[in-house]
Trainee: 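Have a look at the structure that comes next, please.
Along the sequence shown, residues carry numbers from 1. These values consider heavy atoms only, across backbone and side chains, with no hydrogens, waters or symmetry-generated copies.
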Amino acid sequence: MSKSLSMFFAVLSVLLMSATAVSISYSGWFVLLFGLLSLFSIGAGFIVKARLRRKADHKQD
């Protein structure tokens, strides 16, 4: 995974986790929403990394 793509997922995850922390004082629904979005963005980063690695491995064969 390129450094810029890794940085994108890292910044996006931190922003969503920060939004989760801020929303604690406002509404439980926002906490749930931002919490799930945080988990999905972290998971998406791992999925993209695995797919790019698998694609690079197949190119070498």
Trainee: List for me each residue that meets side chain to side chain contact (heavy atoms under 4.5 Å, CB included) alongside I42, sequence neighbours excluded, and say none if there are none.
Mentor: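 I42 satisfies side chain to side chain contact (heavy atoms under 4.5 Å, CB included) with S13, M17, F46 only.
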Trainee: Can you get from L36 to I47 by hopping between Ile, Leu, Val, Met, Phe, Trp and Tyr side chains that sit under 4.5 Å apart?
Mentor: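 The answer is no; the residues belong to distinct hydrophobic clusters.
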Trainee: Please output the side-chain donor-acceptor pairs of residues 24-34 that fall under 3.5 Å, not counting sequence neighbours, one pair per line with the distance.
Mentor:
| residue | atom | partner | partner atom | Å |
| --- | --- | --- | --- | --- |
| S25 | OG | V22 | O | 3.2 |
| S27 | OG | W29 | N | 3.2 |

Trainee: Could you see if M1 belongs to whatever hydrophobic cluster contains F40? Use Ile, Leu, Val, Met, Phe, Trp, Tyr and a side-chain cutoff under 4.5 Å.
Mentor: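 No: no chain of side-chain contacts under 4.5 Å links M1 to F40.
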Trainee: Side chain to side chain contact (heavy atoms under 4.5 Å, CB included) with S4: which residues, sequence neighbours excluded?
Mentor: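 Partners of S4 under the side chain to side chain contact (heavy atoms under 4.5 Å, CB included) test: S2.
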Trainee: Determine, using the 4.5 Å side-chain heavy-atom cutoff (strictly less than), whether F9 and L52 are members of one ILVMFWY cluster.
Mentor: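 Cluster IDs for F9 and L52 match.
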Trainee: Do M7 and L16 share a hydrophobic cluster (ILVMFWY, side-chain heavy atoms under 4.5 Å, transitive)?
Mentor: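 No; L16 is not reachable from M7 via cluster members.
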Trainee: Under a 4.5 Å cut-off applied to non-hydrogen side-chain atoms, are S41 and L37 in contact?
Mentor: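 No - every pair of side-chain heavy atoms lies 4.5 Å or more apart.
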